[in-house]
Amino acid sequence: MTAEAGGTPVEIAGPVRQGERISALDTLRGVAVLGILVMNIYAFAMPFAAYMNPLLLGGTEWYNLGTWFMTHVLADQKFMTIFSMLFGGGMVLMWERAAARGVPFGRIYYRRMFWLLLIGMAHGYLVWFGDILFHYALMGMLIYPLRRWRPRSLIILACLLLPIAPLMSYGGYFYMSDLQERAAEYSQMQEAGETLDEEQQAAVDEWNVLRGFMSPDDDVIQEDLEAHRGGYLDIVQHRAPLVVSMQLQNTVWFMLWRVGGVMLLGMALMKLGVLTGKRSGRFYRNLLLVGYGLGLPVMLYSSVDLYAHEFAGLYFMKQGGIPNYVGSILVALGHIGLVMRLVQAGVFRNLARRFAAVGRMALTNYLMHSIVMTTIFYGYGFGLYGEIPRAAQMLFVFGLVGVQLAISPVWLQHFRFGPVEWLWRSLTYWRRQPMRQAA
């Protein structure tokens, strides 16, 4: 787009043009957004505590535990890591393209993140508590000033940030242990007829919110089941404290360091050409071998270790979560190497094209996961919450993945953007974007 300024054409920032799209990048994004559903299904279909602890709900038969094992090793945090890398890398790509055209980009980028922040908040409070868009928007705002840094500097900073989350989790273990003991003591005082002071009541209330994640008893699980099998307004009210906790406490304890660090890695990998398929086939083969060769043994250890400690929440905070924290980054790099190598080799070309279409509509498809799955499992829909065992949940994943692989290319034959992408761009540029493809 251009405008006249003193008789001289001046480029105006606008959405990415069709000819500017990078197929390998879109394919990787499509793989990531569909892979995220493999793990998110647990939080759609069951109480969130079962996401972390397969012994709580979802079946303890070999095939259900085997499903947890496979998803933990290959998917847990892996595809979210790739998606976070792509988010950081996408910011660099958009800025570089704008700079190449001499277009001011900072104000537009922050508007873009502002609207994504609001979309994420609406998604979290009104649809599903496990929203990640809020954190992506927040971290996108924070890392934008680092866009000019060299890859080496970005990697060094990422390596400094990433260990902070496990260290804070280790410190949080002692806080949570103390909170659990104090809450138990104060609850006994209440049962004995004593009146708690403000500080004591606050400790009990805090533990009642957090124990749904850490060590829920049968009453807490039953309360969650009943809430999600109820009406829409009941569910919104039930999840509101969880969303507040996710968007405030979880940001400080985890997202700033993990998501921020991984986004910085993504910025570096974009500058190095790794995320766009520009490196050699040998490079991606080595990335695959190193990522899987180092990451998969760590993930196997993680699975055995968590099972041996019965998936205890406090043990996870203290040290049980560290193997997956590290291994997920390594396996994610292996996934990237595999996808890029297949794209370069032209293998499964038609399937790669479909994944690329899903990637171009990643925001729409991500939100569709929440809308479809909550309708299937929550009380205002089909009410299957807590009823479907873990292995059978994968059938819902395969079904929705198949639908999105089928409809995304068809949609993009007629329209330039997914519907949510169109809304996001129209709000960002504050003008209605053309939706239909040109003849």
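Sequential numbering from 1 along the given sequence is applied to the chain's residues.
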So, [X] and [Y]: side-chain donor and acceptor under 3.5 Å apart, yes or no?
X: Q201; Y: D205; answer: yes
X: R353; Y: S23; answer: no
X: E185; Y: Q200; answer: no
X: S408; Y: Q404; answer: no
X: Y325; Y: S169; answer: no

Count the heavy atoms belonging to other residues, nucleotides or ligands that lie under 6.0 Å from [atom1] of [X], then report whether that count exceeds 12.
X: R111; atom1: CZ; answer: yes
X: F174; atom1: CZ; answer: yes
X: Y380; atom1: OH; answer: yes
X: Q319; atom1: CD; answer: yes
X: D218; atom1: CG; answer: no
X: M70; atom1: CE; answer: no

Going from [atom1] on [X] to [atom2] on [Y], what distance comes out if it is rounded to the nearest 0.5 angstrom?
X: L56; Y: I221; atom1: CG; atom2: CD1; result: 4.5 Å
X: L269; Y: L333; atom1: CG; atom2: CG; result: 7.0 Å
X: M299; Y: D305; atom1: CE; atom2: CG; result: 11.0 Å
X: L384; Y: T375; atom1: CG; atom2: OG1; result: 11.5 Å
X: M141; Y: Y144; atom1: CE; atom2: OH; result: 13.0 Å
X: I329; Y: L162; atom1: CD1; atom2: CG; result: 4.5 Å

Return the minimal non-hydrogen interatomic distance between [X] and [Y], and the atom names on each side.
X: N64; Y: P389; value: OD1-CB, 3.6 Å
X: A357; Y: P409; value: CB-N, 3.6 Å
X: A165; Y: W257; value: N-CB, 3.8 Å
X: V243; Y: G124; value: CG2-O, 3.3 Å
X: T81; Y: S328; value: OG1-OG, 4.3 Å

### Query
Residues two or more places apart in sequence or in another chain: which of them pass salt bridge (Lys or Arg N to Asp or Glu O under 4.0 Å) with R112?
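With sequence neighbours excluded, R112 shows a salt bridge (Lys or Arg N to Asp or Glu O under 4.0 Å) to no residue whatsoever.
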
Under the 3.5 angstrom rule, does the side chain of [X] hit a backbone N or O of [Y] as a donor-acceptor pair?
X: Y170; Y: M317; value: no
X: Y186; Y: A202; value: no
X: Y109; Y: G140; value: yes
X: R390; Y: G58; value: no
X: T251; Y: Q247; value: yes
X: T364; Y: V420; value: yes
X: K271; Y: R147; value: yes
X: W253; Y: L248; value: no
X: H335; Y: L74; value: yes
X: E421; Y: L363; value: yes

Side-chain contact, heavy-atom cut-off 4.5 Å: [X] with [Y]?
X: I82; Y: I36; result: no
X: Q222; Y: D219; result: no
X: Y378; Y: M373; result: no
X: D76; Y: T71; result: no
X: F114; Y: L427; result: no
X: F87; Y: I143; result: no
X: H369; Y: L34; result: yes
X: M361; Y: M368; result: no

### Task
Measure up the W128 and F44 rings against each other and bin them: parallel (under 30°), tilted (30 to 60°), perpendicular (over 60°).
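Taking F44 first and then W128, their aromatic rings sit tilted (interplane angle of 30° to 60°).
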
### Message
Does the plane of the ring in H72 sit parallel, tilted or perpendicular to the ring in W68? Use 30° and 60° as the thresholds.
### Response
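Aromatic pair H72/W68 classed parallel.
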
### Query
So, are E387 and R229 salt-bridged, with charged N and O less than 4.0 Å apart?
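Salt bridge: yes.
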
### Query
Do F348 and F355 have ring centres separated by under 6.0 Å?
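Distance test on ring centres: not under 6.0 Å, no.
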
### Y284 six-ring centre to R279 NZ/CZ under 6.0 Å and within 45° of normal
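No - R279 does not lie over the ring of Y284 by the 6.0 Å and 45° rule.
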
### Query
How would you list, by chain and number, every residue that makes a side-chain contact (heavy atoms from CB on, under 4.5 Å) with I132, sequence neighbours excluded?
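Per chain and number, I132 pairs via side-chain contact (heavy atoms from CB on, under 4.5 Å) with M80, H135, Y136, M255, Y366.
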
